[in-house]
Protein chains: 2
Amino acid sequence: MESHELKIRAAWLYHVEGLTQAQIAERMYLTRRRVNEFLASALEEGIVRVSFASPLAAGMELESRLQGRFGLEAAVVVPTPADPQLLHQALGRGAAAYLDRLIQARKPRSIGVGWGATLRETVTNMTPASEPGIELRSMMGGLTRGSEINTFEIVRGFAQVLKAQCHYFAAPIYAESPQSRDAIITQSVFERIFRQTCEVDISYLSVGDVTRQSLQVRYGLPAGTDIGDLIAVGAVGDLLGRYIDAEGRPVAHPLNAQVLAPDLTDYRRIPCRIVASGGIHKHAILTATVRAGLATALITDEESARALLAGG
Amino acid sequence: MESHELKIRAAWLYHVEGLTQAQIAERMYLTRRRVNEFLASALEEGIVRVSFASPLAAGMELESRLQGRFGLEAAVVVPTPADPQLLHQALGRGAAAYLDRLIQARKPRSIGVGWGATLRETVTNMTPASEPGIELRSMMGGLTRGSEINTFEIVRGFAQVLKAQCHYFAAPIYAESPQSRDAIITQSVFERIFRQTCEVDISYLSVGDVTRQSLQVRYGLPAGTDIGDLIAVGAVGDLLGRYIDAEGRPVAHPLNAQVLAPDLTDYRRIPCRIVASGGIHKHAILTATVRAGLATALITDEESARALLAGG
DNA sequence: ACATTGGTGTAACATATGTAACGTAATGCC
DNA sequence: GGCATTACGTTACATATGTTACACCAATGT
């Protein structure tokens, strides 16, 4: 009997009949060492194949590839809904499930969150818990106008569902001028808020694109600031209200000096930086985010994942 | 995240990414106990499937089923050749490979062999070895006429290829009468041969059908014995020259009292009884053999195996 | 004919897996 | 609301697996 047949037979006895390697060795008049080698070789050569009777496995392959490609500690890929209106909800569910387990396992001291439709849907899908020891914080100032969303409610919603402590970032996302920003952050009340925001264990944000689909673009930019000017200097989208280019660097624009949020250097020191966003319109900002290592965990949809992986 | 998705993910990390269960537990914020249960459950439910990219696996499934169905210690199933003329060769190869390993592993003291086309092909395919401590014996008398095969050469061939000791059963397969048989086996030389034949560690035989394809039927039966008479009393074929019925019992016919070979009671005491035969014409005798527990190991072809398993 | 290489037996050992016992929390049912 | 059942965390332990070192033998190449 040539070794090929021995290999098949050993693999059969192991995977189908459930014999141990020692039993197979006895049955086939081989050494356990030979059996072990045959089994490993059968898998390696693809003679024995493991397959998954579940569509979820496709998403897991994408997650795996995203992690490998971009050095992410975690990736969650949810199916892309047929109706684009449902994308925030799908991302929210995926993110909530991930956060549920993360919070339970890591027992973080403080969590900083951003705002946006995805964040809001995440709150809706979180499993209620009782975590009085956790501090929920806003990572940045909020929108001061726009009826679609009350950005301050996001952190409150998280705190409520987790029965955690709630700390608002009671300021607008942008100061009126760089000078005004400097004056604000030197006030001791804001100085402490800033410091505490930089020291969270986990940050959970979404990124914004530069189209009018973005809440930020529609309601957040100060009077006199035009998104076209930001695009002109290379902006592909924003993280923490700060517009960044395709390499993940803040663009040269006065707006970036008005942001009431940690700068990117401080942000990078946060150990666990979760970003949840999706949709083809966000491809450029997502690409910049993962390439620049601004996220340690990415939550996105299948289409966006494929687009990310298709990039050079 | 519901447990189904956790299960898929755990299975993915284990089977595809090669993580240990402890690593998966850490990665997924679970206990190792849960991971272990998920993996077992994924296999049990068929979510994870192990498949074989090899036609040999089909034969192995048949072998497994044959063993289970008929309580065999071993079964070897070779592919059925398109040309029936090649069946003996295919069986001979399968048997030789099995014997090679068996002899190497068991180091038997003595082996008793029958004769027939399959046995001859087996010799041809044996791997040469040097086993001076092994005794090769005929299990029964030989044919005294017929130019197709020299039955005494079979045992000599085995002994030669194994460099073992050779012991002929120097007698015809049938005595002229029951009285003549009794007179022969009480001769001390034959008495000792009989005893030693009954005490082999391994017997390797084929079975004969009742058609004229059988060497036995064409050349072995004594003058005045008609195969029709044997069929008439229920014979479905022969083992060791002894015709048996569908239940594996010797038929009531004077021929069975003339056989110069161990009787079936003595034969059953041999620890390892290998039978190698195939072909649809041997279905009845193969069925009788395995049902009656006359073999502990069966070597046959795929078609014959399916026919055996299809039986009630 | 000899040197080299590859395969594998043997034994030991580190690590991974599988399972069991016990206790606690969650869930379901009445 | 109480009780029974189930699920699972934790820990321990037995068994299985995976790998390594060394030696030996067979195969291969020069």
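Chain identifiers are assigned alphabetically (A, B, ...) following the order of the sequence lines, protein sequences preceding nucleic acid strands; residue numbering begins at 1 within each chain.
Note: CG (B:Leu30) to P (D:dT10) measures 11 Å, nearest angstrom. Protein atom NE2 of A:His4 is 17 Å distant from nucleotide atom P of C:dG7, rounded to whole Å. If you measure from atom CD of A:Gln23 to atom P of C:dG18, you get 14 Å, rounded to the nearest angstrom. If you measure from atom CD1 of B:Ile24 to atom C1' of C:dT15, you get 15 Å, rounded to the nearest angstrom. At whole-Å resolution of the value, CD in B:Glu26 and C1' in C:dA16 are 15 Å apart. The distance between atom NE2 of B:His15 and atom P of C:dT17, rounded to the nearest whole Å, is 10 Å. B:Leu6 has its CG atom 10 Å from the P atom of D:dC8, to the nearest Å. Atom NZ of B:Lys107 is separated from atom P of C:dG9 by 13 Å (rounded to the nearest Å).
B:Gly116 and B:Ile154 make their closest contact through O-CD1, 3.9 Å (heavy atoms, listed as atom of the first residue, atom of the second, distance).
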Full working for side-chain hydrogen bond (donor to acceptor under 3.5 Å, both in side chains) between A:Tyr14 and A:Thr20: CA-CA 6 Å; A:Tyr14 187 73; A:Thr20 68; over 6 Å; no

Quiz: residues 45-54 of chain B side-chain donor-acceptor pairs under 3.5 angstrom, not counting sequence neighbours:
unit_1	atom_1	unit_2	atom_2	d
B:Glu45	OE2	B:Lys7	NZ	2.9
B:Glu45	OE2	B:Ser41	OG	2.7
B:Arg49	NE	B:Gly46	O	3.0
B:Ser54	OG	B:Leu56	N	3.2

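Donor-acceptor pairing under 3.5 Å is lacking for the side chains of B:Ser110 and B:Gln196.
Taking 4.0 angstrom as the limit, A:Tyr14 places a side-chain polar atom (N or O) nearer than this to OP1 or OP2 of D:dT17.
In this structure, B:Arg156 pairs ionically with B:Glu153, as a charged nitrogen and a carboxylate oxygen lie closer than 4.0 Å.
In this structure, B:Arg273 forms a cation-pi arrangement with B:Tyr267, its terminal cationic atom sitting closer than 6.0 Å to the ring centre and no more than 45° off the ring axis.
A heavy-atom distance below 4.0 Å to DNA chain C is reached by these residues of residues 31-41 of chain B, ordered by number: B:Arg32, B:Arg33, B:Asn36.
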